[in-house]
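Side-chain atoms are counted along with the backbone in the values below, which use heavy atoms only and exclude waters and symmetry mates.
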Amino acid sequence: MKTIYLALGLGLVTLSRAAAQQPIGYQINLDLQNVQNDRVRVVINTPAIKEQQATYVIPSVVPGSYSKKDYGRFVTDFKAFDKQGKRLKTRNSGPNLFLIDDAKKLARLEYLVDDTWDAKQDDSFIFQPGGTNIEAGRNFTINHYGFYGYLEGYKMEPYQVSVLKPAALYGATALDVRRESATKDVFTAPNYVTLADGPSCTPSPIRPVSAPAGRASRWRYFRKRAW
C-alpha cells in the first residue's frame with residue numbers, strides 16, 4: 001500500500017511540474033525597438049492546443065464599428081513553430097485566418113505587422129482611431145486587434161504582452177501595466193475581449209490627443225511621450 005501511495009505522489013509531482021512548464025494563456029512579445037521597414041515583429045508563445053489543426057484569427061470586424069477592416073491583410077511572414085523550433089505547416093484561408101497543421105505541437109507564432117495609417121486611402125482604408133501607427137522611435141498607436149488575434153476556441157485565455165520599447169517613450173494604456181524597466185513594459189488582460197478594449201495610445205511629445213465620445217476613457221491621455 002505504501003508503494004501505491006508513493007507512486008501516486010510521484011505521479012502528482014510529475015504532473016504539477018509539467019503544468020508549471022506549460023505556458024498559461026498567450027505570452028506575447030512586441031518589439032518596438034527594432035522596427036523593420038515600418039513593420040513590427042510579433043512573437044507569441046501560445047497556450048496548449050487540443051486539436052490537430054488550429055486557426056489563428058486576426059479580426060475582420062471589431063465592436064464599435066460596422067465596416068469591414070480585415071486587419072489580417074497587414075500581417076506578413078507568418079510562421080508557426082513547435083517547442084523544438086521546428087516549422088509547422090501553415091496556410092491562409094482568406095486575409096484574416098491562418099491555418100496551422102499538427103497544432104497539438106504548436107508552441108510559438110511569429111510574424112510582422114505593418115501599420116494601417118500609411119495604407120492607401122481608398123474604400124478599404126481604416127479610419128485612424130481604429131487603426132495602428134508605427135513611427136520608429138517617435139510614435140506607436142496600438143489597437144491590439146491590429147497586432148495580434150487568438151486561436152479559434154481559445155479566445156478567453158489570459159494574455160500577457162511584453163513590450164520592448166525605446167527608453168525615451170512612455171506607454172499609456174487602460175490595461176494593467178507593470179513597468180519592468182525604462183525599456184520594457186508588461187501589461188495583462190484576462191482574455192482577448194478585454195485586451196482589445198484597452199488600446200495603447202501614443203500622442204506626439206507635449207501634444208495631447210483625444211478620441212471620439214464613448215472611448216474617451218480608453219483613448220484620452222495627456223502625456224508628454226508614449227510608445
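One N or O on the side chain of Lys165 and one on the backbone of Ala182 form a donor-acceptor pair closer than 3.5 Å. When atom types are taken as modelled, the side chain of Thr116 and the backbone of Thr132 share a donor-acceptor pair closer than 3.5 angstrom. Although no hydrogens or angles enter the test, the distance criterion places no donor-acceptor pair under 3.5 Å between the side chain of Arg179 and the main chain of Val186. Between the side chain of Tyr150 and the main chain of Tyr26, no donor-acceptor pair closer than 3.5 Å is present.
Leu109 places none of its side-chain heavy atoms less than 4.5 Å from the side chain of Phe98. For the pair Val43/Arg108, a side-chain contact is recorded, criterion being any heavy-atom separation below 4.5 Å from C-beta on. Residues Thr76 and Asp114 are not in side-chain contact: their nearest non-hydrogen atoms beyond the backbone lie 4.5 Å or more apart. At a threshold of 4.5 Å between non-hydrogen side-chain atoms, the residues Leu112 and Val42 do not count as touching. Between Ile44 and Gln27, every side-chain heavy-atom pair lies at or beyond the 4.5 Å cut-off. Residues Asp38 and Asp115 meet the side-chain proximity criterion, which asks for heavy atoms closer than 4.5 Å. Side-chain contact between Tyr56 and Tyr154 is absent, with no heavy atoms from C-beta onward closer than 4.5 Å. Using a 4.5 Å cut-off on side-chain heavy atoms (C-beta onward), Lys79 and Arg87 make contact.
Considering all non-hydrogen atoms of both residues, Leu88 and Leu106 come closest at CD1-CA, 3.7 Å. Taking both residues in full, the closest heavy atoms of Gly137 and Pro166 are given as CA-CG, 4.3 Å, listed atom of the first, atom of the second, then distance. Closest of all the heavy-atom pairs between Gly131 and Asn143 is O-ND2, 2.7 Å. Minimum heavy-atom separation, Asn133 to Asn139: ND2-OD1, 3.0 Å. The two residues Gly72 and Asn96 come nearest to each other via the heavy atoms N-OD1, 3.0 Å.
Classification of Asp101 and Arg91 as a salt-bridged pair holds, one side-chain N sitting under 4.0 Å from a carboxylate O. Under the 4.0 Å criterion applied to side-chain N and carboxylate O atoms, Glu157 and Lys155 are not assigned as salt-bridge partners. Glu110 and Arg41 are joined by a salt bridge, as a carboxylate oxygen and a charged side-chain nitrogen come within less than 4.0 angstrom of each other. At a threshold of 4.0 Å, the pair Asp70-Arg73 does not count as salt-bridged, since none of the basic side-chain nitrogens sits closer than that to a carboxylate oxygen.
With values rounded to the nearest 0.5 angstrom, Ile134 atom CD1 is found 11.0 Å from Asn37 atom CG. Atom CG of Asn92 is separated from atom CG of Leu99 by 8.0 Å, given to the nearest 0.5 angstrom. For the atom pair CG (Leu151) and OG1 (Thr55), the distance works out to 8.5 Å, reported to the nearest 0.5 Å. Note: Ile100 CD1 to Gln52 CD = 12.0 Å, rounded to the nearest 0.5 Å. For the atom pair Asp102 CG and Ile49 CD1, the distance stands at 12.5 Å (nearest 0.5 Å). Asn29 contributes atom CG, which lies 8.5 Å from atom CD of Gln160 (distance to the nearest 0.5 angstrom).
Between Tyr111 and Phe78, the ring-plane angle classifies as parallel under the 30° and 60° cut-offs.
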Begin with the C-alpha distance, continue with both residues' side-chain angles, and end with the deciding distance and a verdict on side-chain contact (heavy atoms from CB on, under 4.5 Å) for Ser60 and Lys69. CA-CA 5 Å; Ser60 172; Lys69 302 293 193 299; 6.0 Å; no

Stepwise, does the side-chain contact (heavy atoms from CB on, under 4.5 Å) test hold for Ile28 with Phe147? CA-CA 10 Å; Ile28 301 176; Phe147 281 85; over 6 Å; no

Verdict with supporting geometry, Ile58 and Tyr71, side-chain contact (heavy atoms from CB on, under 4.5 Å): CA-CA 6 Å; Ile58 299 288; Tyr71 291 100; 3.5 Å; yes

Working for side-chain contact (heavy atoms from CB on, under 4.5 Å), residues Gln33 and Thr183: CA-CA 9 Å; Gln33 288 187 340; Thr183 59; 3.6 Å; yes

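Note: His144 and Phe187 meet the aromatic proximity criterion, with ring centroids under 6.0 Å apart. Ring pair Tyr159/Tyr192: centre-to-centre distance below 6.0 Å.
Under a hydrophobic-cluster definition in which Ile, Leu, Val, Met, Phe, Trp and Tyr are linked whenever side-chain heavy atoms come within less than 4.5 Å, directly or via other members, Ile142 and Leu164 are assigned to different clusters.
Side-chain contact of Asn191 with Thr194: a donor-acceptor pair under 3.5 Å is present, judged by distance alone.
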